[in-house]
Amino acid sequence: MSRYRSRVIVCFLVGLWAFTSNASAAKLDVVIQGVEGKVADNVKAFLTIESLNGETFTSESRVRYLNRKAEDEIRTALQPFGYYSPIITSELKDGPDVWVATYSIVPGNPIPYGKVDIAIDGAAAEDAIFKRLLASTPVKPGNPLIHSEYEGLKSQILSLAAERGYHEGEVTKSQVLVKIDSYTADVQLHFASGPRYSIGQVNFSDSPISEKLLTRYLPFEEGQAVKTSELVDLQTNLLDSDYFSRVEVRPLWSDASNQQVPIDIILEPQKRTRYEAGGGYGTDTGARVRLGVTRRWVNSLGHQLSGDVQLSQITNSASLEYAIPGQNPMTERYTINLNYEDEHSDTVDSESLSIGVSEQWQWKQWQMVTSLQYEEETYTLDGETDSSTLLYPLFSASTVSTGNRLNVKNGYRLSGQIIGGADSVLSDTNFVQVQASGKVIHSLTDQIRVLARVEAGITAADDFDKIPASHRFYAGGDTSVRGYSYQSLGPKGDDGDVVGGPNLLVGSLETDYRFTGSDWGVAAFIDMGNAYEDADLSLKTGVGFGVRWFSPIGPIRLDLGFPQNNSDDRFRIHFTLGADL
């Protein structure tokens, strides 16, 4: 008997070994038919057997077990999309090397909403925003039941309540009742908002900035309804002021009285003085160094004082600015500025000193500036030294639109400026000058961008010879027409030196390619333009290619430009860094 039992055990073990050996050699393919998109993705997420798809399995019994579970899992996966009566056919084919599990799904018609009982009670019942939300919701009788839409409506109601000051709001009833016999889904969603709270007293912590100025940063007034977005805006406004390193806005709900919520604002000042230092290199400017200092607040009124010195191989400059916050300190400021500049390039030798006052404000997405500048300049052009005095009003407008200025996928920059002076009011000649520029970036794919820019200027003057070098137009260089040296293009004087022109037209078209998964790329470009007199426009062309490093501080560009017209250079190397817009 014992010998018989031994034989049975041996045979069982041999059979089990043979079974598992064959199973371990088989691969499983899972095929899902009849659904696609989000529905198919959800089916795969619920289907346990999908985890073995493409894998070599070790247990035949586990595969058959998971196959038996599959139909119920598929039904569950279809229900969030309203499919409650699908037809599911499953088939498991076994083979020596590959097993195939096929699931054919006919989802049928999604179950429609039957009775829809959505009610807003309390003060929010008369709120136009809530009425608009309920009017636009797809959760309506006859529409297909999609659970995510119902849950989304509930989340939107709660988010709106928090945003609009319904602090006591709560969902009192929430139910989706699916009736298979009538093939409808009844919905019940009740929200009790309670009263709407308003802004109470606003309290600022101790600060070196006067409360009179701080209140001008408030995007609301006492007594207005609480809006969470405005509390966030307040925090952002105060941080952007550069007076504070930390700002915390606290609505004190527990201290509310008569539905008015006190607001505490905790302020932590920045260091009063900020020092800055930087350096770089550009083929137009050569090596450069910048040093700056800013007194973030001169007094409790929030006035600021800043100084800046920039030194390079071609241009040296120094500036001093005193700034006063405007009525809307986020967008308005008044400044008094003093500027000195000394330039020595192959084209121009000039030294200028200017003083001016300006007002800055914002109109929609445009940054606007009006100013009055007085300027004296001594300059040497074509071997002759002259001096000029100008008093001119200035108006400029600029806007930038992009999601991320350091990594631009799509966006644009537009700017324009007009200045003018009269010989009867401290200027050496009557003149008007207009400048405009624009740049557009558009991504064709994740790797390929197209960049286009244009710049134009025009000057009308009684005596252009009295327009100083800094207000004349030149072309050529890193950000102008590549392939030509800095300010080497424009009208020439009697000695053959470029003296600058009253008009300018420059355009560029570039495309760059960013290697997949890399911060490196390549570019190709064509630039055209020139500075000119009257209608005597002779466009110069430069073409070339370059390398791009999309660094954390913005693109770094190394270009090789080839002039297509008469030039002393066969090619020029151009190196620049900074934001594309």
Side-chain angles (χ1 to χ4, degrees), residues 118 120-137 148-149 151-171 189 191-205 207 209 211 213-268 325-332 361-367 399-405 411:
I118 301 175
I120 305 291
D121 300 319
E126 301 303 319
D127 192 321
I129 302 297
F130 279 87
K131 289 181 178 180
R132 195 178 305 145
L133 173 63
L134 297 189
S136 63
T137 181
S148 61
E149 291 179 348
E151 293 297 330
L153 173 60
K154 185 163 60 175
S155 295
Q156 285 178 294
I157 289 173
L158 291 170
S159 295
L160 266 181
E163 155 66 17
R164 298 180 64 77
Y166 298 99
H167 178 62
E168 300 175 10
E170 61 176 344
V171 174
L189 179 58
F191 176 75
S193 72
R196 189 176 187 184
Y197 284 73
S198 59
I199 299 290
Q201 183 175 351
V202 178
N203 303 303
F204 293 93
S205 67
S207 164
I209 306 302
E211 189 167 320
L213 174 58
L214 293 176
T215 55
R216 303 212 299 265
Y217 285 92
L218 299 177
F220 49 73
E221 295 181 0
E222 186 174 335
Q224 288 184 352
V226 174
K227 293 183 181 179
T228 303
S229 60
E230 290 185 342
L231 298 179
V232 174
D233 288 344
L234 171 59
Q235 182 180 39
T236 302
N237 293 342
L238 290 170
L239 285 171
D240 288 346
S241 72
D242 200 34
Y243 300 131
F244 309 105
S245 60
R246 185 177 72 89
V247 176
E248 187 175 348
V249 180
R250 297 177 181 173
L252 305 179
W253 296 105
S254 59
D255 295 340
S257 176
N258 298 322
Q259 282 78 54
Q260 285 201 326
V261 186
I263 307 295
D264 273 5
I265 303 172
I266 311 302
L267 303 170
E268 185 174 305
Q327 182 59 35
N328 182 349
M330 288 83 70
T331 59
E332 299 174 6
W361 78 97
Q362 189 166 330
W363 178 72
K364 295 184 178 179
Q365 301 303 314
W366 289 82
Q367 186 68 38
T399 184
V400 175
S401 175
T402 182
N404 182 350
R405 292 195 67 176

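This is a predicted model, so every value here is computed, not measured. Along the sequence shown, the residues carry numbers beginning at 1.
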Quiz item: Which heavy atom of I199 sits nearest a heavy atom of Q260, and at what distance?
Solution: O-NE2, 3.9 Å
Would you be so kind as to tabulate the donor-acceptor pairs closer than 3.5 Å made by side chains of residues 213-223, with sequence neighbours excluded?
residue	atom	partner	partner atom	Å
T215	OG1	E211	O	3.2
T215	OG1	K212	O	2.9
R216	NE	G326	O	3.3
R216	NE	Q327	O	3.3
R216	NH2	G326	O	3.1

Quiz item: Who passes side-chain hydrogen bond (donor to acceptor under 3.5 Å, both in side chains) against D121, sequence neighbours left out?
Solution: none
Exercise. For T137, enumerate each residue passing the side chain to side chain contact (heavy atoms under 4.5 Å, CB included) test, keeping only those at least two apart in sequence or located in another chain.
Key: V139, K140, L153
Exercise. List for me each residue that meets side chain to side chain contact (heavy atoms under 4.5 Å, CB included) alongside N404, sequence neighbours excluded, and say none if there are none.
Key: L406, N407
Quiz item: How close do V247 and Q235 get, heavy atom to heavy atom, and via which atoms?
Solution: O-NE2, 2.6 Å
Quiz prompt | Residue list, salt bridge (charged side-chain N to carboxylate O under 4.0 Å, His left out) with R246, at least two apart or on another chain | solution = E248, E268
Exercise. Could you list all the salt bridge (charged side-chain N to carboxylate O under 4.0 Å, His left out) pairs where at least one residue sits in residues 158-167, not counting sequence neighbours?
Key: D127-R164
Practice problem: Begin with the C-alpha distance, continue with both residues' side-chain angles, and end with the deciding distance and a verdict on side-chain contact (heavy atoms from CB on, under 4.5 Å) for K154 and I157. | Solution: CA-CA 5 Å; K154 185 163 60 175; I157 289 173; 5.8 Å; no
Quiz item: CD/Q367 to OG1/T399 distance, rounded to the nearest 0.5 angstrom?
Solution: 9.5 Å
Exercise. Might you work through the side-chain contact (heavy atoms from CB on, under 4.5 Å) test for L267 and I209, ending with a clear yes or no?
Key: CA-CA 10 Å; L267 303 170; I209 306 302; over 6 Å; no
Practice problem: Could you tell me which non-hydrogen atom of A162 sits nearest to which non-hydrogen atom of T228, and how far apart they are? | Solution: O-OG1, 2.8 Å
Quiz item: Does a sphere of radius 6.0 Å around NZ in K227 hold more than 12 heavy atoms from other residues, nucleotides or ligands, not counting ones at 6.0 Å or beyond?
Solution: no
Self-check item: P195 versus A123, closest heavy-atom pair with distance
Solution: CA-CB, 4.2 Å
Quiz prompt | Partners meeting ring-ring contact (aromatic ring centres under 6.0 Å, His included) with Y166 (sequence neighbours left out) | solution = F130
Quiz prompt | Results of ring-ring contact (aromatic ring centres under 6.0 Å, His included) for Y197 - residues two or more places apart only | solution = H167, W253
Practice problem: Name all residues meeting the side chain to side chain contact (heavy atoms under 4.5 Å, CB included) criterion together with D240; count only those two or more places apart in sequence or in a different chain, and write none if there are none. | Solution: T236
Quiz item: Do Y243 and P325 have side-chain heavy atoms sitting under 4.5 Å apart?
Solution: yes
Quiz item: Is the closest side-chain heavy-atom distance between F191 and I120 below 4.5 Å?
Solution: yes
Quiz prompt | With N203 via side-chain hydrogen bond (donor to acceptor under 3.5 Å, both in side chains) - residues at least two apart | solution = Q201, D264
Self-check item: Minimum side-chain heavy-atom gap L238-L234 below 4.5 Å
Solution: yes
Quiz item: Taking S193 for the side chain and A124 for the main chain, is one N or O donor matched with an acceptor at less than 3.5 Å?
Solution: yes
Self-check item: K131: salt bridge (charged side-chain N to carboxylate O under 4.0 Å, His left out) partners, not counting sequence neighbours
Solution: E126
